Amino acid sequence: MTHETKIELADTSCVDELRSLWLALHRHERTVAPTLPLVPDDLSWRRRRSLYLRWLELEQGFLAVARNRAGIVGYAFVRLDEGSDDTFRLGERHAELYSLSVGPAWRGRGIGTLLLDFVDAELASRGIRDLIISVMVGNSGAQRLYERRGLQPAEIVLYRFGSEDAD
């Protein structure tokens with residue numbers, strides 16, 4: 001099935017088409033980390049959409065979409081950073097895979113791998129070698145996928161959840 005899927009760069013005009021894919025990922029995060037206080041779906045999408053639009057408009061990121069007969073079936077959003085890091089040896093330009101989502105009906109068909117291959121090629125074309133990816137606690141499948149691609153755990157982020165505010 002993946003041979004029918006094409007990966008391409010997209011612009012802000014495609015962002016609204018990502019809503020269902022983002023919500024599928026957000027809901028998946030609820031299943032792998034059910035005790036974490038995640039924000040409601042609509043609020044989550046509004047905030048994520050705003051970030052995507054801002055970073056695309058400021059050219060601080062890029063959006064790769066996976067398209068086939070069914071439309072957009074997956075996407076990767078990559079945030080680009082200028083400047084090195086104070087802890088890890090990173091180049092003056094590095095990237096963060098901020099989101100990767102494949103629609104539930106399309107999972108297990110290699111679309112995530114195609115998206116990651118595209119991201120790697122796009123970063124190489126921009127001269128960026130260093131990549132950061134965060135994985136939700138409990139999402140061991142995603143962690144294994146990224147580790148198979150040469151990424152390694154480097155930091156654990158802890159949160160204190162004290163706010164009752166959802167917006």
Side-chain angles (χ1 to χ4, degrees), residues 2 7-10 15 18 21-39 41 43-66 74-104 106-163:
T2 58
I7 312 297
E8 61 191 22
L9 287 176
V15 168
L18 306 178
L21 291 166
W22 167 252
L23 292 178
L25 175 59
H26 189 63
R27 291 170 184 148
H28 174 70
E29 290 170 342
R30 250 191 218 103
T31 66
V32 298
T35 62
L36 296 179
L38 300 180
V39 299
D41 287 353
L43 178 59
S44 176
W45 171 243
R46 280 197 313 271
R47 289 177 176 173
R48 186 58 55 129
R49 179 184 181 275
S50 177
L51 288 173
Y52 291 166
L53 290 172
R54 183 171 69 237
W55 289 333
L56 287 170
E57 289 166 358
L58 295 173
E59 297 181 2
Q60 294 175 337
F62 65 84
L63 171 62
V65 297
Y75 77 95
F77 194 96
V78 177
R79 188 172 57 88
L80 303 171
D81 285 316
E82 299 289 334
S84 192
D85 188 68
D86 59 356
T87 302
F88 299 108
R89 281 192 317 240
L90 298 176
E92 285 300 317
R93 297 179 70 213
H94 56 279
E96 178 179 1
L97 178 66
Y98 203 74
S99 305
L100 175 70
S101 182
V102 175
W106 297 94
R107 292 181 187 151
R109 301 181 191 202
I111 293 172
T113 297
L114 287 175
L115 283 162
L116 290 170
D117 290 346
F118 185 92
V119 164
D120 285 345
E122 182 64 24
L123 291 174
S125 77
R126 295 170 185 237
I128 299 172
R129 297 178 50 182
D130 300 307
L131 177 63
I132 300 165
I133 301 176
S134 297
V135 177
M136 182 72 68
V137 166
N139 197 349
S140 56
Q143 185 173 345
R144 283 191 305 273
L145 169 67
Y146 299 136
E147 287 176 354
R148 283 193 306 268
R149 295 183 68 86
L151 287 102
Q152 62 187 44
E155 186 172 35
I156 296 174
V157 178
L158 304 173
Y159 289 79
R160 173 179 290 137
F161 298 109
S163 177

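Here the structure is a predicted model, which is why all the values come from computation and not from measurement.
Scanning all heavy atoms of the two residues, the minimum distance from Leu56 to Gly61 falls at CD2-O, 3.7 Å. Scanning all heavy atoms of the two residues, the minimum distance from Leu131 to Leu151 falls at O-CD2, 3.8 Å. For the pair Ala66 and Ile7, the tightest heavy-atom approach, listed with the atom from each and the gap, is CB-CD1, 3.4 Å. Across all non-hydrogen atoms, the minimal contact from Met136 to Leu38 is CE-CD2, 4.3 Å. Residues Val65 and Leu115 come closest through the heavy atom pair C-CD2, 4.2 Å.
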- Chi angles and distances behind the side-chain contact (heavy atoms from CB on, under 4.5 Å) call for Arg149, Leu116: CA-CA 9 Å; Arg149 295 183 68 86; Leu116 290 170; 3.4 Å; yes

- Task: Could you go through the side-chain contact (heavy atoms from CB on, under 4.5 Å) check for Val119 and Leu100 one step at a time?
- Result: CA-CA 10 Å; Val119 164; Leu100 175 70; over 6 Å; no

- Query: Yes or no on side-chain contact (heavy atoms from CB on, under 4.5 Å) for Glu155 and Thr87, after CA distance, side-chain angles and deciding distance?
  - Reply: CA-CA 11 Å; Glu155 186 172 35; Thr87 302; over 6 Å; no

- Message: Determine whether Ser44 and Trp22 satisfy the following criterion, side chain to side chain donor-acceptor pair (under 3.5 Å), listing intermediate values before the conclusion.
- Response: CA-CA 9 Å; Ser44 176; Trp22 167 252; 2.9 Å; yes

- Query: Stepwise, does the side-chain contact (heavy atoms from CB on, under 4.5 Å) test hold for Arg129 with Leu123?
  - Reply: CA-CA 7 Å; Arg129 297 178 50 182; Leu123 291 174; over 6 Å; no

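When each of Val137, Asn139, Val135 is paired with Val32, the side chain to side chain contact (heavy atoms under 4.5 Å, CB included) condition holds for Asn139 and for no other. Screening Tyr52, Phe62, Tyr98 for a ring-ring contact (aromatic ring centres under 6.0 Å, His included) involving Phe77 leaves a single residue, Tyr52.
Rounding to the nearest 0.5 Å gives a distance of 11.0 Å between CG of Leu25 and CZ of Arg27. Separation of atoms CD (Gln60) and CG (Asp81) is listed at 8.0 Å; rounding is to 0.5 Å. Note that CG of Leu23 is 11.0 Å distant from CD of Glu29, once rounded to the nearest 0.5 Å. Note that the CG atom of Leu63 and the CD atom of Glu8 stand 9.5 Å from one another [nearest 0.5 Å]. In this structure, Leu90 CG and Ile128 CD1 are separated by 11.5 Å, a value rounded to the nearest 0.5 Å.
The local environment of OH in Tyr159 is sparse, with at most 12 non-hydrogen atoms from other residues, nucleotides or ligands closer than 6.0 Å.
Under the 3.5 Å distance criterion, the side-chain polar atoms of His26 are left unmatched by any main-chain donor or acceptor of Leu21. Using a distance-only test at 3.5 Å, with no hydrogens or angles considered, no donor-acceptor pair links the side chain of Ser50 to the main chain of Arg47. Judged by distance alone, with hydrogens and angles left aside, the side-chain atoms of Arg93 form no donor-acceptor pair with the main-chain N or O of Leu80 at under 3.5 Å. Listed for the Ser101 side chain is no donor-acceptor partner under 3.5 Å among the backbone atoms of Tyr75. Between the Asp130 side chain and the His94 main chain, no donor and acceptor come within less than 3.5 Å of each other.
A salt bridge between Arg48 and Asp41 is absent, with no side-chain N of the basic residue lying under 4.0 Å from a carboxylate O of the acidic one.
Cation-pi geometry between Arg49 and Trp45 is not met at under 6.0 angstrom from the ring centre and within 45 degrees of the axis.
Pro104 places none of its side-chain heavy atoms less than 4.5 Å from the side chain of His28.
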